Peer 1: 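Can you read through this structure? Questions will come right after.
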Amino acid sequence: MVWALGHQSVSVDVEGRGVFALDPLGDGYFGAEISGVRTGDLYQLRVDGGPPMPDPASRCQPQGNDGPSMVVDPEYGWTDGGWAGPDRRDQILYELHIGTFTAEGTWRAAMERLDHLHCLGVSILQIMPVGTFKGRFGWGYDTTMPYAPYASYGTPGDMRAFIDRAHVLGIGVILDVVYNHVGMGDRYRAFSEHYFTDRYENEWGASFNFDGQASRPVRDFIVGNAEYWIRDFHVDGLRIDAAQAMFDASDDHIIADITRAVRAAAAPRRAYVVVENQPQERRMIEAPDRGGHGVDAAYSDDFQHSVRVAVTGHNDFYYRDYLGTPQELVSALKYGFLYQGQRSDMRDKAYGTYNLDTPAEHFVHFLENHDQVANSARGFRLSTLATPARIRAVTALWLLGPQTPSFFQGQEFGATNPFNYFFGLEGDEAAAVAEGRRASVSNFPGVADPRMQERLPDPADPATFQGSKLDWSEAEQNAGLLALHRDLTSLRRSDKSFSQASDRRVDGAVLGDAALVMRYLTPHADGHRLLFLNLGRDLHMAVTAEPLLAPPDGCRWTVTWSSEHPDYDGAGRRPVDPEQFWILPGDCALLFSAEPR
């Protein structure tokens with residue numbers, strides 16, 4: 001069935017079988033049952049006798065964005081019947097891009113690395129967009145045909161095999177989806193002008209028509225896509241890209257519609273939905289019965305921005321609202337978002353919404369993601385920008401913090417290769433993308449340097465894409481850092497004091513210009529924990545008038561973990577007796593546990 005409101009006829013040309021007219025079904029829909037069509041057949045559509053085009057709802061584009069669509073069999077021999085789906089609480093996310101996660105850049109190659117992710121303690125994989133897009137390679141955020149997995153990554157069957165294997169290992173899989181605009185090469189307008197609206201301004205292109213005239217079929221197309229991934233691929237949920245650009249003034253917002261549909265399609269399994277939402281709107285994570293959209297969590301740029309400034313010392317462009325102070329870090333861990341309605345200097349207006357009472361599981365905190373790594377001149381990672389000791393220290397604060405942590409591919413072993421923006425277009429389109437990218441990153445003062453401008457990676461250059469692929473030999477070379485991440489995720493899972501499902505509460509205090517402590521308070525005394533972080537000079541802890549440092553009645557503090565352990569390639573842990581004079585080392589994190597005297 002095809003929606004082509006405003007047109008008189010639609011026909012389908014099935015390669016080797018003939019051209020068939022579709023019957024008008026009303027409301028702009030056309031459809032017909034055609035006998036003899038088999039799996040693997042190629043077909044194209046014609047609207048009002050125009051040029052052949054792929055199906056907007058194509059399930060497979062073996063020849064790419066401009067080629068014919070292929071009939072595929074949705075059946076698969078699933079083995080994940082016992083998989084219950086991810087709960088909202090106590091998850092550990094891992095973002096990856098199929099094309100650069102391995103040298104081969106395929107689902108099958110990525111599947112060979114699932115055991116690594118399982119040992120790391122990952123519970124949900126967040127896959128960057130896989131819908132078909134124009135170009136030889138790309139991030140995927142310029143999706144043109146959202147129902148067709150990108151052919152270069154493998155077949156739809158390969159994608160199903162990857163998800164099935166992940167479930168066997170106890171790992172959920174969610175897809176990053178782009179419902180706020182359509183990328184280059186779209187043909188939606190050839191089917192109906194009503195796909196889009198001009199009522200809203202969107203920096204990435206035309207917005208889908210979610211609330212105007214003839215919007216119901218558009219909503220059905222997008223909601224149907226979300227259901228399709230859940231139903232036909234056993235995907236466990238979605239990461240919704242740039243939710244603030246999904247404009248909808250109707251009573252039932254499209255994001256709430258999608259979230260309900262995802263949960264219904266997954267039932268009786270659980271589903272997990274997370275949003276990228278730059279205005280940090282509470283309504284995204286508010287429950288539906290309180291007027292919210294009901295998603296599980298929202299990413300917090302605030303935490304990443306503050307940590308980045310603390311680690312590197314630089315706060316230019318959109319980092320200028322952050323100082324990286326201990327108080328910022330404490331507040332981010334207590335309240336999820338730092339900006340909840342105060343004025344932002346970068347925006348010159350109020351930013352964020354009230355969330356002081358929002359539980360920690362509704363926030364996702366991260367040190368790296370695709371945007372924050374690539375939004376720089378050369379796509380450098382923290383492993384290039386900061387010392388190993390400093391990275392180990394802030395990693396502890398992040399992985400033991402109360403919010404849901406999210407990795408970016410290769411972070412766990414300190415990948416040193418850059419992750420740049422790449423988009424394999426040609427000609428004028430490639431030039432336009434390169435110019436747009438140059439203008440965007442030039443907001444950072446250092447990038448405005450003419451010599452740096454000459455060295456900016458070309459998004460269309462295959463070397464930019466190839467250079468962003470992980471070098472898995474680094475996982476062995478940096479075994480100490482990998483061990484640190486594994487130990488911290490294991491500690492997060494095994495120690496109920498760090499569980500989002502427990503009765504613990506979190507408080508924190510500033511101990512110095514670059515030092516802080518987080519206190520985990522539990523109903524039972526032996527569940528209390530202290531997590532110290534010092535990113536400055538050695539701090540003498542002779543006398544500290546801070547009540548959060550006091551042990552529970554009948555207990556004493558014992559050091560149970562240090563970021564400077566030799567197993568992590570650290571400098572070693574100093575002896576510590578918190579009842580005597582002791583030193584909190586610089587660029588170090590220490591975990592204390594309450595033990596009976």
Side-chain angles (χ1 to χ4, degrees), residues 86-94 121-124 272 274-275 280 282 284-286 295-307 310 324-340 352 354-369 393-407 485 487-511 515-524 526-533 548-549 552 560-561 563 589-594:
D87 188 72
R88 172 180 295 166
R89 295 174 171 175
D90 292 334
Q91 300 303 324
I92 298 175
L93 278 60
Y94 187 103
V122 171
S123 61
I124 297 179
Y272 188 85
V274 60
V275 293
Q280 303 186 161
R282 183 187 179 107
M284 295 287 167
I285 50 183
E286 192 76 275
V295 307
D296 293 288
Y299 273 87
S300 171
D301 284 347
D302 285 347
F303 176 75
Q304 190 274 340
H305 292 356
S306 187
V307 169
T325 62
Q327 184 58 62
E328 282 185 358
L329 298 178
V330 168
S331 295
L333 294 174
K334 289 177 65 174
Y335 304 117
F337 292 144
L338 287 174
Y339 282 89
Q340 303 195 12
Y354 181 86
N355 273 284
L356 291 179
D357 57 352
T358 302
E361 64 265 22
H362 289 295
F363 303 101
V364 176
H365 279 183
F366 61 98
L367 299 182
E368 295 184 339
N369 71 358
V394 296
T395 295
L397 189 73
W398 162 61
L399 279 179
L400 296 183
Q403 288 75 26
T404 298
S406 178
F407 284 87
H485 284 95
D487 286 355
L488 285 171
T489 57
S490 177
L491 182 60
R492 183 182 181 93
R493 288 189 174 283
S494 62
D495 190 335
K496 292 183 179 179
S497 301
F498 300 113
S499 172
Q500 293 170 343
S502 72
D503 293 328
R504 62 102 168 94
R505 62 185 180 89
V506 177
D507 204 346
V510 174
L511 301 178
L516 62 89
V517 64
M518 297 301 300
R519 175 76 177 257
Y520 295 76
L521 302 104
T522 63
H524 302 286
D526 60 0
H528 284 235
R529 303 287 182 265
L530 288 179
L531 178 61
F532 290 89
L533 174 74
L548 289 182
L549 300 185
T560 53
W561 187 89
S563 63
L590 293 177
L591 178 67
F592 288 29
S593 297

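Every value quoted in this text rests on a predicted model; they were computed, and no experiment measured them.
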Peer 1: Taking only residues two or more places apart in sequence or in another chain, which ones pass salt bridge (Lys or Arg N to Asp or Glu O under 4.0 Å) with Asp487?
Peer 2: none

Peer 1: Is a donor on one side and an acceptor on the other found under 3.5 Å between the side chain of Thr404 and the backbone of Val364?
Peer 2: no

Peer 1: Who are the side-chain contact (heavy atoms from CB on, under 4.5 Å) partners of Thr358, not counting sequence neighbours?
Peer 2: Arg282, Ile285, Asn355, His362, Phe363

Peer 1: Partners of His485 by ring pair (Phe, Tyr, Trp, His ring centres under 6.0 Å), sequence neighbours excluded?
Peer 2: Phe407

Peer 1: Could you go step by step and tell me if His528 and Tyr520 meet the side-chain contact (heavy atoms from CB on, under 4.5 Å) rule?
Peer 2: CA-CA 5 Å; His528 284 235; Tyr520 295 76; over 6 Å; no

Peer 1: Would you find a donor on one side and an acceptor on the other, under 3.5 Å apart, between the side chain of Ser123 and the backbone of Ile92?
Peer 2: yes

Peer 1: Give the intermediate values and the outcome of side-chain contact (heavy atoms from CB on, under 4.5 Å) for residues Val295 and Val274.
Peer 2: CA-CA 6 Å; Val295 307; Val274 60; over 6 Å; no

Peer 1: Pair Phe532, Leu397 - check side-chain contact (heavy atoms from CB on, under 4.5 Å), show working.
Peer 2: CA-CA 8 Å; Phe532 290 89; Leu397 189 73; over 6 Å; no

Peer 1: Only counting residues at least two apart or in another chain, list the ones meeting salt bridge (Lys or Arg N to Asp or Glu O under 4.0 Å) with Asp301.
Peer 2: none

Peer 1: Can you sort out the partners of Ala509 under side-chain contact (heavy atoms from CB on, under 4.5 Å), two or more places apart, ordered by chain and number?
Peer 2: Val517, Glu546, Leu548

Peer 1: Within the distance-only criterion (no hydrogens, no angle test), does the side chain of Gln91 pair as donor or acceptor with the backbone N or O of Asp87 below 3.5 angstrom?
Peer 2: yes

Peer 1: Can you tell if the side chain of Trp398 reaches within under 4.5 Å of the side chain of His365, non-hydrogen atoms only?
Peer 2: yes

Peer 1: Quick check: do Val506 and Met518 have side-chain heavy atoms less than 4.5 Å from each other?
Peer 2: yes

Peer 1: About how many Å separate CG of Leu530 and CG of Leu521, when rounded to the nearest 0.5 Å?
Peer 2: 8.5 Å

Peer 1: Using every non-hydrogen atom in the two residues, find where Asp296 and Arg88 come nearest and quote the distance to one decimal.
Peer 2: OD1-NE, 2.9 Å

Peer 1: Supply the atom-to-atom distance Gln403 CD to Ser300 OG, rounded to the nearest 0.5 angstrom.
Peer 2: 7.5 Å

Peer 1: What donor-acceptor contacts under 3.5 angstrom involve side-chain atoms of residues 330-337, with partners at least two apart or in another chain?
Peer 2:
{"unit_1": "Ser331", "atom_1": "OG", "unit_2": "Gln327", "atom_2": "O", "d": "3.0"}
{"unit_1": "Ser331", "atom_1": "OG", "unit_2": "Gln327", "atom_2": "NE2", "d": "3.0"}
{"unit_1": "Lys334", "atom_1": "NZ", "unit_2": "Asp507", "atom_2": "OD1", "d": "3.1"}

Peer 1: Looking at side-chain heavy atoms only, is the closest gap between Leu338 and Ser306 below 4.5 Å?
Peer 2: yes

Peer 1: Within the structure provided, determine whether Asp302 and Glu328 are in side-chain contact (heavy-atom separation under 4.5 Å).
Peer 2: no

Peer 1: If you take all heavy atoms of Gly324 and Ala310, which pair is closest and at what distance?
Peer 2: O-CB, 3.3 Å

Peer 1: Side chains of Trp561 and Leu590, heavy atoms from C-beta outward: is any pair under 4.5 Å?
Peer 2: no

Peer 1: Applying side-chain contact (heavy atoms from CB on, under 4.5 Å), name anything that partners Pro326, two or more places apart in sequence or on another chain.
Peer 2: Val510, Leu516

Peer 1: Please identify each residue that fulfils salt bridge (Lys or Arg N to Asp or Glu O under 4.0 Å) with Arg493, with sequence neighbours left out.
Peer 2: none

Peer 1: For Ser499, give me all partners under side-chain contact (heavy atoms from CB on, under 4.5 Å), at least two apart in sequence or on another chain.
Peer 2: Asp90, Ala501, Ser502

Peer 1: Do Leu591 and Arg529 come within less than 4.5 Å of each other through their side chains, counting heavy atoms only?
Peer 2: yes

Peer 1: Are Leu93 and Tyr299 packed together at the side-chain level, in the sense that at least one heavy-atom pair is separated by less than 4.5 angstrom?
Peer 2: yes

Peer 1: Partners of Thr489 by side chain to side chain donor-acceptor pair (under 3.5 Å), sequence neighbours excluded?
Peer 2: none

Peer 1: Only counting residues at least two apart or in another chain, list the ones meeting ring pair (Phe, Tyr, Trp, His ring centres under 6.0 Å) with Tyr272.
Peer 2: none

Peer 1: Can you list everything that forms a side chain to side chain donor-acceptor pair (under 3.5 Å) with Arg89? Sequence neighbours excluded, please.
Peer 2: Glu361

Peer 1: Is the Phe303 to Phe366 ring centre distance short of 6.0 Å?
Peer 2: no

Peer 1: Check for a donor-acceptor pair, side chain of Gln340 on one end and backbone N or O of Leu356 on the other, with a separation under 3.5 Å.
Peer 2: yes

Peer 1: A side-chain contact here means heavy atoms from C-beta on lying under 4.5 Å apart; do Arg492 and Pro405 qualify?
Peer 2: yes

Peer 1: Can you see which heavy atom on Ala589 is nearest to which on Ala393, and at what distance?
Peer 2: CB-O, 3.7 Å

Peer 1: Could you tell me whether the side chains of Thr522 and Ser497 share a donor-acceptor contact shorter than 3.5 Å?
Peer 2: no

